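Worksheet for the structure shown next.
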Amino acid sequence: GENVEQHPSTLSVQEGDSAVIKCTYSDSASNYFPWYKQELGKRPQLIIDIRSNVGEKKDQRIAVTLNKTAKHFSLHITETQPEDSAVYFCAASYHSGGYQKVTFGIGTKLQVIP
Amino acid sequence: DTGVSQDPRHKITKRGQNVTFRCDPISEHNRLYWYRQTLGQGPEFLTYFQNEAQLEKSRLLSDRFSAERPKGSFSTLEIQRTEQGDSAMYLCASSLGPAGDLDTQYFGPGTRLTVL
């Protein structure tokens with residue numbers, strides 16, 4: 001099955017700096033890579049996703065890059081703000097049995113220091 | 001809130017008791033998933049429904065766990081004879097489909113289970 005590794009597990013940045021979270025996956029069949037943000041006590045919320053036919057996607061201060069050859073994908077947050085503080089999960093997904101089977105990383109706890 | 005809802009949000013039970021959780025997906029979504037999340041970990045897949053059919057179960061889903069989606073709308077997850085190791089957040093997610101599409105899963109707020 002798929003294995004997703006995520007690092008770092010914790011990340012502290014000063015407000016206004018950039019934050020980068022990196023993930024690797026093992027199964028070359030994975031073709032969809034969503035990123036979720038989970039604030040304390042709340043549900044995981046999709047913040048951005050990328051499909052395997054795209055190398056980069058950007059949405060305001062958030063961008064995701066994908067290197068299919070190396071099986072790496074990364075989340076970049078620029079101009080970080082205190083409200084960006086949360087746990088971020090990467091995930092790799094492939095089509096199996098009629099649905100997208102999703103495997104999550106262990107999460108990165110991001111702390112943005114005002 | 002028209003998103004995925006779960007009930008209850010918190011459940012405290014004694015070891016050996018049975019518990020049941022409910023999930024109401026986004027109304028037009030025909031796919032429903034259950035995950036378990038423990039502290040410091042990402043969600044781990046438990047089971048998947050396409051409409052009322054349970055099409056896949058993880059090996060994490062022991063015989064004490066059963067899930068149903070009788071009319072293809074809401075789903076229930078029951079844990080029998082709970083153990084302390086069952087303490088976790090149980091998350092439900094739903095997605096639109098259809099088959100073959102790269103569809104996004106949307107999560108509910110979860111039910112936090114504590115087994116004493």
Side-chain angles (χ1 to χ4, degrees), chain A residues 1-10 21 23-25 27 29-54 57 59 64 66 75 86-109, chain B residues 1-7 9-10 23-26 29-51 53-60 69 88-112:
Chain A
E2 177 64 276
N3 181 49
V4 176
E5 295 190 355
Q6 181 173 352
H7 59 94
S9 55
T10 60
I21 301 170
C23 291
T24 61
Y25 62 99
D27 196 330
S30 288
N31 58 2
Y32 174 58
F33 306 89
W35 286 85
Y36 288 84
K37 175 184 179 182
Q38 188 174 29
E39 296 177 60
L40 189 63
K42 296 190 177 180
R43 72 187 75 196
Q45 292 206 310
L46 180 76
I47 55 171
I48 195 166
D49 56 14
I50 190 166
R51 305 190 175 194
S52 60
N53 59 349
V54 175
K57 183 177 178 180
D59 182 4
V64 58
L66 171 65
L75 178 72
V87 178
Y88 292 81
F89 294 98
C90 65
S93 168
Y94 63 90
H95 192 71
S96 172
Y99 75 105
Q100 285 294 125
K101 188 163 187 173
V102 182
T103 302
F104 288 85
I106 64 168
T108 295
K109 184 175 181 180
Chain B
D1 187 355
T2 56
V4 179
S5 61
Q6 292 186 245
D7 183 69
R9 296 291 307 277
H10 304 275
C23 170
D24 287 87
I26 295 171
H29 285 187
N30 55 33
R31 295 176 175 177
L32 187 146
Y33 315 79
W34 284 98
Y35 291 85
R36 183 176 69 186
Q37 185 178 27
T38 53
L39 197 63
Q41 299 294 321
E44 295 175 292
F45 172 79
L46 292 178
T47 191
Y48 156 68
F49 288 86
Q50 171 81 28
N51 298 313
Q54 187 175 20
L55 298 184
E56 184 158 346
K57 293 192 291 185
S58 163
R59 65 181 186 278
L60 293 175
R69 195 183 182 197
M89 176 75 84
Y90 290 84
L91 291 164
C92 176
S94 70
S95 67
L96 183 60
D101 196 15
L102 300 178
D103 61 336
T104 300
Q105 296 182 22
Y106 296 90
F107 283 87
T111 294
R112 180 167 296 283

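Labels below follow one simple rule: chain letters A, B, ... track the order of the sequence lines, proteins then strands, and each chain is numbered from 1. Treat the numbers as computed from the prediction; the structure is a model and nothing was measured.
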Looking at [atom1] of [X] and [atom2] of [Y], how far apart are the two atoms once the value is rounded to the nearest 0.5 Å?
{"X": "F45(B)", "Y": "T103(A)", "atom1": "CZ", "atom2": "OG1", "result": "9.5 Å"}
{"X": "Q105(B)", "Y": "Y32(A)", "atom1": "CD", "atom2": "OH", "result": "8.5 Å"}
{"X": "R43(A)", "Y": "Q6(B)", "atom1": "CZ", "atom2": "CD", "result": "8.0 Å"}

Next item on the list: Could you check if a side-chain atom of Q37(B) sits within less than 4.5 angstrom of a side-chain atom of Q38(A), using non-hydrogen atoms only?
Entry: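 Yes; the side chains approach each other to less than 4.5 Å.
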Note to self: Any heavy-atom pair between the side chains of Y33(B) and V102(A) that's under 4.5 Å?
What the structure shows: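 Side-chain contact under 4.5 Å: no.
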Margin query: Restricting to non-hydrogen atoms, name the atom on G108(B) and the atom on P44(A) that form the minimum distance, rounded to 0.1 Å.
Written below: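 For G108(B) and P44(A), the tightest heavy-atom pair comes out as O-CD, 4.3 Å.
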Margin query: Quick check on Q41(B) against chain A: is it the side chain, the backbone, both or neither that has a heavy atom closer than 4.5 Å?
Written below: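 Both backbone and side chain.
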Margin query: Need one label for R9(B): side chain, backbone, both or neither, based on atoms under 4.5 Å from any heavy atom in chain A.
Written below: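 Contact with chain A: side chain only.
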Next item on the list: Could you tell me which portion of Y94(A) (side chain, backbone, both or neither) has an atom closer than 4.5 angstrom to a non-hydrogen atom of chain B?
Entry: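 For Y94(A), neither part sits under 4.5 Å from chain B.
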Item checked: Side chain / backbone / both / neither for K109(A) at chain B, heavy atoms under 4.5 Å ->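 Looking at K109(A), nothing touches chain B.
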